[in-house]
Protein chains: 2
Amino acid sequence: MGKHCQWRERLQKKGYRLTIPREVIIEVLRNSTSHLSAEDIYMELHKKYPAIGLTTIYRTLELLVQMKIIVKFDFGDRRSRYELSEKYGMKKHHHHLICSQCTKIIDYTDFINEELELIEKTEKRLMKKYNFSITSHVISFTGICLECKKDQT
Amino acid sequence: MGKHCQWRERLQKKGYRLTIPREVIIEVLRNSTSHLSAEDIYMELHKKYPAIGLTTIYRTLELLVQMKIIVKFDFGDRRSRYELSEKYGMKKHHHHLICSQCTKIIDYTDFINEELELIEKTEKRLMKKYNFSITSHVISFTGICLECKKDQT
DNA sequence: ATTGGCAGTGACAATCATTCTCAATTCTTT
DNA sequence: AAAGAATTGAGAATGATTGTCACTGCCAAT
């Protein structure tokens with residue numbers, strides 16, 4: 001078992017219980033190729049666990065974000081999306097490529113080291129200058145993907 | 001008159017009319033220190049132009065985004081925010097520093113050249129690899145600002 | 001100058017993701 | 001088993017955004 005299982009301990013240490021919804025929501029996030037919305041997760045679970053309500057999904061996601069077990073993203077499509085944070089998931093750090101037409105999102109991990117180096121340097125300088133504790137960053141590129149480019153004659 | 005006035009030509013060339021709402025919405029964006037939401041703009045205008053409705057604000061903003069005269073941002077507070085794009089505004093290119101507590105947003109222009117150089121290089125490589133026309137990028141850092149840090153004893 | 005047509009508009013209704021409320025249920029610890 | 005707290009689900013409420021529709025104002029052709 002790698003680090004990615006320690007979320008249980010993490011929750012319990014804070015007095016939260018391990019419940020079915022929490023188990024399976026994390027499971028869904030782990031098995032997916034990411035960027036699921038609350039509704040996506042609900043749909044996915046509904047097959048096997050019809051008893052779990054959407055409200056619970058939202059509540060659980062909020063808790064997990066707060067515990068930094070998952071990360072919440074806002075790509076411009078008016079709904080939040082979630083993915084396991086690196087520490088608890090198996091995915092490598094990545095950034096996003098967003099198609100503004102079909103809102104498809106591509107994760108890329110290329111050239112990431114170079115980016116991260118710069119980011120780290122920048123973070124340090126910004127924290128000092130603006131007295132700001134930086135906890136995370138977002139880098140994303142927006143544009144038009146191949147398929148959408150084809151479509152627009 | 002600098003480039004920042006050419007949005008009129010831009011609209012007209014596409015067959016759109018120059019109307020009061022369009023004029024004043026751009027004016028508000030130009031005079032503000034940015035990141036206004038649709039409602040912010042509505043409030044601002046309502047004093048002098050009570051006849052302009054919120055719907056028109058939304059419609060105009062959508063049009064201006066489409067024309068790339070303004071840029072739409074989604075910081076995680078569940079409402080879109082807008083700023084003039086560089087080409088039509090006077091602001092220098094900048095990135096964002098977001099406080100996750102009070103949602104205050106700091107624009108920073110420091111170290112931006114270094115960042116842009118890397119970004120440009122990365123964009124080129126990504127476009128090639130993923131067959132993706134990149135039109136814009138977002139870099140933002142999230143964290144806790146000085147004031148909020150103080151508050152949380 | 002009239003008219004036809006369409007861009008532009010505002011009030012209001014509708015939508016949709018998310019949050020709130022509250023009563024019921026399930027743990028955990030006695 | 002019982003108390004007390006955490007967790008839950010259904011449904012209502014919220015709030016930003018979008019859709020509808022009738023009305024207005026502008027421009028071009030007659």
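Atom set for the values below is all heavy atoms of this structure, side chains included, hydrogens, waters and symmetry mates excluded. Lettering follows sequence order; numbering is per chain, from 1.
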Checklist entry - B:Tyr42 or B:Gly15: which one's nearest nucleotide on DNA chain C is closer to the 5' end? => result B:Gly15
Next on the checklist: Does the plane of the ring in B:Tyr108 sit parallel, tilted or perpendicular to the ring in A:Tyr130? Use 30° and 60° as the thresholds.
Outcome noted: tilted
Checklist entry - Just by protein heavy atoms under 4.0 Å, how would nucleotides 12-25 of chain D read 5' to 3' in B, S and -? => result ----SBBBB----B
Rounded interatomic separation in angstrom, taking [atom1] from [X] and [atom2] from [N]:
X	N	atom1	atom2	value
A:Tyr16	D:dT7	OH	P	7 Å
B:Met67	C:dG8	CE	P	10 Å
B:Ile57	C:dA11	CD1	C1'	14 Å
B:Ile52	C:dT9	CD1	C1'	10 Å
A:Leu11	C:dT28	CG	P	13 Å
A:His46	D:dT8	NE2	P	17 Å
A:Leu61	C:dT18	CG	P	9 Å
B:Leu64	C:dG8	CG	C1'	14 Å

Is it the case that one hydrophobic cluster holds both [X] and [Y], taking links as side-chain heavy atoms less than 4.5 Å apart, direct or via other members?
X	Y	value
B:Ile25	B:Trp7	yes
A:Tyr16	A:Tyr58	yes
A:Ile69	A:Val71	no

Item to check | Sub-6.0 Å ring centroid separation between B:His96 and B:Phe73 | outcome: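 Yes - the distance between ring centres of B:His96 and B:Phe73 falls below the 6.0 Å cut-off.
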Check: residues 120-128 of chain A side-chain donor-acceptor pairs under 3.5 Å, at least two apart:
{"unit_1": "A:Lys121", "atom_1": "NZ", "unit_2": "B:Glu114", "atom_2": "OE2", "d": "2.8"}
{"unit_1": "A:Thr122", "atom_1": "OG1", "unit_2": "A:Leu118", "atom_2": "O", "d": "2.8"}
{"unit_1": "A:Arg125", "atom_1": "NH2", "unit_2": "B:Glu114", "atom_2": "OE1", "d": "3.2"}

Item to check | side-chain contact (heavy atoms from CB on, under 4.5 Å) partners of A:Asn131, counting only residues at least two apart | outcome: B:Leu146
Checklist entry - What residues, two or more places apart in sequence or in another chain, satisfy side-chain contact (heavy atoms from CB on, under 4.5 Å) together with B:Lys47? => result B:Glu44
Item to check | Contacting residues from residues 18-26 of chain A, given that a heavy atom lies under 4.0 angstrom of DNA chain D | outcome: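 Within this stretch, A:Thr19, A:Pro21, A:Arg22 sit under 4.0 Å of the strand.
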Item to check | Residues in ring pair (Phe, Tyr, Trp, His ring centres under 6.0 Å) contact with A:His93, at least two apart in sequence or another chain | outcome: A:His95, A:His137
